[in-house]
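Below is one structure, written out as structure tokens, with a few remarks after it.
FYI, the numbering just counts along the sequence from 1.
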Amino acid sequence: MDSRDWIRGGLRAVLGGLIAIPLAALNLPLFVLSVATLVLGVVPFLGMVLFPLVTLLVRAHADLARRLAARSGVPIARPYRPLPESGRVGPWRYYRWILTDPATWRDFAWLVPGAVIGIALGALILAVPLYGLEGVLLVPLWIWLGTGWYGYGAIWPFDTVGDAFLSLPQGVLILAIGVAGAPHLRRFDALFARLLLGPTRNAELRLRVSQLTVTRADTVDAQAAELRRIERDLHDGAQVRLVSLGMTIGLAEEMVESDPAGARKLLAEARETSTAALADLRHLVRGIHPPVLAERGLDGAVRALALALPIPITVETALPGRLDTPVESAAYFAVAEALANTTRHSYATSARVDLRHSGTLLIMQVSDDGLGGADPAGGSGLRGIERRLAAFDGTMSLSSPPGGPTVVTMELPCASFSPKTTPSSGTG
């Protein structure tokens with residue numbers, strides 16, 4: 001890690017500790033409110049109204065803790081059960097939904113220890129760098145105040161300039177230790193928060209089932225749309241040409257004796273029609289599974305795609321070999337859709353594709369120097385990429401500020417590769 005990154009990371013952690021102290025202190029009044037509303041639950045209708053309101057406050061506060069943990073490199077998923085969708089959710093059903101959710105009680109159990117640990121670690125994160133900073137600033141401060149007794153942190157008294165200068169190296173060392181240790185203390189706080197604020201194993205399984213249900217529905221819809229597209233292309237393209245071909249050959253058969261020249265002309269037309277029908281079928285097959293993808297793999301297919309586009313595209317790959325065919329196809333069409341969006345909407349003058357394998361993930365990144373401002377909600381292209389990747393538990397993230405650049409990062413779980421058969425790096 002670069003020294004500037006080390007310093008920036010440490011200062012961000014110190015700032016995070018400063019923010020964490022008041023946030024952790026809020027745990028205690030929220031705990032008192034939660035206990036009070038539980039006690040008032042014996043009063044008809046009063047607890048049914050107050051407890052859900054306080055629980056929503058606790059959940060919003062826990063979400064802030066989760067976001068702080070994510071900034072410390074410890075992502076924490078929201079563990080709450082989804083709200084029942086069937087029928088109208090009345091007050092009693094809503095109250096029961098919150099009351100029976102295990103995550104509600106895990107949030108409640110986190111409030112007091114989270115406050116203690118958050119305040120203690122936050123104070124330590126601030127105290128050590130401030131103590132070191134005091135040692136660094138003591139010399140000019142001591143000189144400015146004039147001669148007399150002064151103490152470094154009320155522990156090290158001195159009354160001469162020589163003694164004062166000894167505080168400088170000690171202050172630098174303590175400041176460096178405080179800045180270096182702050183990210184680790186913030187991470188420890190985040191790891192503790194994850195013990196109670198993260199989903200349990202059962203909650204993870206429920207979330208996974210819910211995600212798979214949505215993914216399966218999206219995949220079925222996408223497959224149905226693809227079948228309709230293929231049917232439409234066959235009906236409007238190759239089928240029409242083949243019907244015309246049959247009629248032309250039939251007319252040529254009738255004219256072969258009475259008008260040989262006309263029959264030859266019709267046969268020439270039939271040959272042209274058959275060529276066009278074959279081209280339609282080849283185009284349709286390329287839309288289902290491009291031959292270049294089967295022959296040269298993802299690397300070669302993406303390079304061929306880049307050469308066919310109207311703007312210069314740099315392709316860099318670091319793949320250990322061939323992927324499984326379904327994953328390879330999904331990756332190719334995801335990259336193709338991202339590049340299509342680049343050429344249609346971004347007004348870019350150049351683009352770049354990076355393909356690499358990291359552990360168990362295939363990571364694909366498509367970037368351009370266009371105008372930016374891309375929005376998944378603004379069209380079907382990026383949503384189509386998300387649906388295609390979701391079928392394989394893949395994800396897509398987008399960075400596209402106004403003015404650019406736009407960076408689309410796609411990840412596909414991919415642990416196994418077949419033996420390497422194509423080149424793995426270079427520029428196209």
Side-chain angles (χ1 to χ4, degrees), residues 6-39 50-51 53-80 98 101-138 151-156 170-200:
W6 172 78
I7 294 174
R8 280 196 295 266
L11 293 178
R12 279 197 297 268
V14 172
L15 181 60
L18 179 63
I19 297 172
I21 292 176
L23 284 178
L26 280 175
N27 285 27
L28 299 178
L30 287 174
F31 176 79
V32 173
L33 281 174
S34 299
V35 173
T37 53
L38 283 173
V39 173
L50 293 179
F51 184 72
L53 291 177
V54 173
T55 300
L56 290 179
L57 289 176
V58 172
R59 290 187 176 187
H61 183 63
D63 285 338
L64 287 176
R66 292 185 184 96
R67 282 197 286 271
L68 280 177
R71 292 181 181 179
S72 302
V74 183
I76 304 176
R78 296 186 87 242
Y80 308 116
I98 287 181
D101 190 347
T104 298
W105 304 105
R106 289 170 63 84
D107 287 353
F108 181 74
W110 163 77
L111 288 174
V112 172
V116 174
I117 292 178
I119 293 173
L121 291 179
L124 185 61
I125 288 171
L126 291 177
V128 175
L130 287 177
Y131 186 66
L133 189 62
E134 180 188 2
V136 173
L137 299 178
L138 264 184
Y152 179 17
I155 297 175
W156 180 5
Q170 180 181 351
V172 171
L173 178 62
I174 294 175
L175 179 61
I177 292 174
V179 172
H184 301 288
L185 294 175
R186 289 291 305 129
R187 182 174 177 83
F188 178 81
D189 188 20
L191 289 171
F192 174 78
R194 189 167 65 179
L195 289 176
L196 292 173
L197 296 184
T200 62

Got a second to check how far [X]'s [atom1] is from [Y]'s [atom2], nearest 0.5 Å?
{"X": "H61", "Y": "N27", "atom1": "NE2", "atom2": "CG", "value": "3.5 Å"}
{"X": "L196", "Y": "L111", "atom1": "CG", "atom2": "CG", "value": "9.5 Å"}
{"X": "I119", "Y": "L28", "atom1": "CD1", "atom2": "CG", "value": "5.5 Å"}
{"X": "R71", "Y": "I19", "atom1": "CZ", "atom2": "CD1", "value": "7.0 Å"}

Practice prompt. Return the set of residues passing ring-ring contact (aromatic ring centres under 6.0 Å, His included) with F108 (not counting sequence neighbours), or none when no residue passes.
Written response: F31
Do you know which two heavy atoms are closest between [X] and [Y], and how far apart they sit?
{"X": "A24", "Y": "G114", "result": "CB-O, 4.1 Å"}
{"X": "A180", "Y": "P183", "result": "O-CD, 3.4 Å"}
{"X": "A182", "Y": "V14", "result": "CB-CG2, 3.8 Å"}
{"X": "A77", "Y": "P199", "result": "O-CD, 3.4 Å"}
{"X": "I76", "Y": "A190", "result": "CD1-O, 4.0 Å"}

Is any side-chain heavy atom of [Y] closer than 4.5 Å to one of [X]?
{"X": "R59", "Y": "D101", "value": "yes"}
{"X": "I174", "Y": "V128", "value": "yes"}
{"X": "S72", "Y": "D189", "value": "no"}
{"X": "I21", "Y": "L126", "value": "yes"}

Discussion item. Quick one, I177 with Y131, criterion side chain to side chain contact (heavy atoms under 4.5 Å, CB included). Give me CA distance, side-chain angles, the key distance, then yes/no.
Written reply: CA-CA 11 Å; I177 292 174; Y131 186 66; over 6 Å; no
Discussion item. One pair to check against side chain to side chain contact (heavy atoms under 4.5 Å, CB included): L175 and V179. What are the steps and the verdict?
Written reply: CA-CA 6 Å; L175 179 61; V179 172; 4.2 Å; yes
Discussion item. Taking L50's backbone N and O only, do any of them form a donor-acceptor pair with T37's side chain (distance below 3.5 Å, no angle check)?
Written reply: no
Item to complete: Output yes when a side-chain donor or acceptor of R66 lies under 3.5 Å from a complementary backbone atom of L197, and no otherwise.
Response: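 Pair found, side chain donor or acceptor close to backbone of L197.
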Worksheet entry | Verdict with supporting geometry, R186 and V74, side chain to side chain contact (heavy atoms under 4.5 Å, CB included) | CA-CA 10 Å; R186 289 291 305 129; V74 183; over 6 Å; no
Worksheet item: salt bridge (charged side-chain N to carboxylate O under 4.0 Å, His left out) with R194: which residues, sequence neighbours excluded?
Response: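 Per chain and number, R194 pairs via salt bridge (charged side-chain N to carboxylate O under 4.0 Å, His left out) with no residue.
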Worksheet item: Judged by modelled atom types alone, do Y80 and D107 share a side-chain donor-acceptor pair under 3.5 Å?
Response: yes
